[in-house]
Structures are given as C-alpha cells and as structure tokens.
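Step one of this worksheet: look at the structure below.
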Amino acid sequence: SEAYVFQHLFLLKLTPKVQALMDPAREKRLPLTVAVALASLPPQLQEAWAQEVLSKLSSGWTTKKATQEVRRIRAQQEKASTEELSRPVG
C-alpha cells in the first residue's frame with residue numbers, strides 16, 4: 001500500500017544510530033510507529049528522544065503513548081519554528 005511505502009521511505013530520515021535501534025536482533029528495539037514519528041524530528045533530537053522512548057517503554061509506556069509523546073514534541077518544535085519566523089527582524 002502507499003502508506004507502507006511512505007512509512008518505510010520516511011524511515012530514511014532517521015539518523016543511522018536511530019535506524020540501528022530498530023534492528024530485529026536487538027532485545028529492546030524501537031517500534032515502527034515510534035520510529036516513523038521520530039523521523040519527523042530534527043536529526044539533533046532524534047537520538048536523545050529515541051533513547052528516552054526506549055527507556056519509557058521499558059518502564060511501562062505503551063507504543064501508542066510513546067508515539068503520542070514524540071508527536072507532541074514535534075508539534076512544540078513546529079510551533080517554536082513558526083513563532084521564530086513570524087518575529088519582526090530588527
């Protein structure tokens with residue numbers, strides 16, 4: 001399906017370290033839905049949030065909760081970028 005292809009292409013936006021956290025050989029790996037959400041973050045935030053999510057998943061967070069949290073962070077980033085762009089120069 002188109003959604004399947006889109007999701008897997010979107011994963012290419014992940015940093016190599018975050019991509020490695022999805023390795024099926026890992027005992028604790030990053031779920032696909034969370035990884036897709038992380039791919040929308042700037043690269044400098046992906047690794048820290050990937051580690052945070054893995055830690056929270058080990059502490060009882062669901063994949064759904066983790067995905068929602070990453071989306072919340074993305075929304076904050078977008079809002080901050082929009083506010084910065086709308087400020088007058090000078």
Side-chain angles (χ1 to χ4, degrees):
S1 75
E2 283 184 40
Y4 176 88
V5 172
F6 172 79
Q7 285 182 337
H8 285 78
L9 288 174
F10 205 62
L11 294 175
L12 296 174
K13 293 183 175 192
L14 291 171
T15 65
K17 286 183 180 178
V18 177
Q19 288 179 8
L21 295 174
M22 296 181 64
D23 184 345
R26 289 179 54 90
E27 183 179 325
K28 296 178 184 176
R29 68 177 180 264
L30 204 56
L32 175 66
T33 55
V34 177
V36 170
L38 284 168
S40 66
L41 294 177
Q44 63 271 21
L45 295 178
Q46 290 178 8
E47 291 175 31
W49 275 102
Q51 292 297 335
E52 179 74 14
V53 164
L54 285 174
S55 172
K56 298 288 187 178
L57 287 170
S58 295
S59 301
W61 267 16
T62 63
T63 299
K64 181 177 180 178
K65 170 70 176 162
T67 302
Q68 289 171 339
E69 187 65 15
V70 172
R71 288 179 179 155
R72 184 185 66 77
I73 297 303
R74 182 187 70 217
Q76 286 179 342
Q77 290 292 312
E78 288 174 356
K79 182 179 179 188
S81 294
T82 302
E83 289 174 356
E84 188 175 306
L85 291 173
S86 64
R87 289 189 198 129
V89 177

For residues 3-10, dump all side-chain donor-acceptor pairs below 3.5 Å to protein atoms at least two apart in sequence or in another chain.
residue, atom, partner, partner atom, Å
H8, ND1, Y4, O, 2.9

Q: Under the side-chain contact (heavy atoms from CB on, under 4.5 Å) rule, collect the residues that match up with E2, sequence neighbours excluded.
A: none

Q: Could you list all the salt bridge (Lys or Arg N to Asp or Glu O under 4.0 Å) pairs where at least one residue sits in residues 24-40, not counting sequence neighbours?
A: none

Q: Only counting residues at least two apart or in another chain, list the ones meeting side chain to side chain donor-acceptor pair (under 3.5 Å) with E69.
A: R72

**Q.** Partner of L38 under side chain to side chain contact (heavy atoms under 4.5 Å, CB included), chosen from V70, L11, T67, T33
**A.** V70

Q | Nearest-0.5 Å distance, CG of residue L21 to CG of residue L14 | A | 9.5 Å

What pairs of donor and acceptor atoms, side-chain ones from residues 45-62 against any protein atom, are under 3.5 angstrom apart with sequence neighbours left out?
residue, atom, partner, partner atom, Å
Q46, OE1, T15, N, 2.8
Q46, NE2, K13, O, 3.2
Q46, NE2, L41, O, 3.0
E47, OE2, T15, OG1, 3.4
S58, OG, L54, O, 3.1
S59, OG, S55, O, 3.1
T62, OG1, K65, N, 3.0

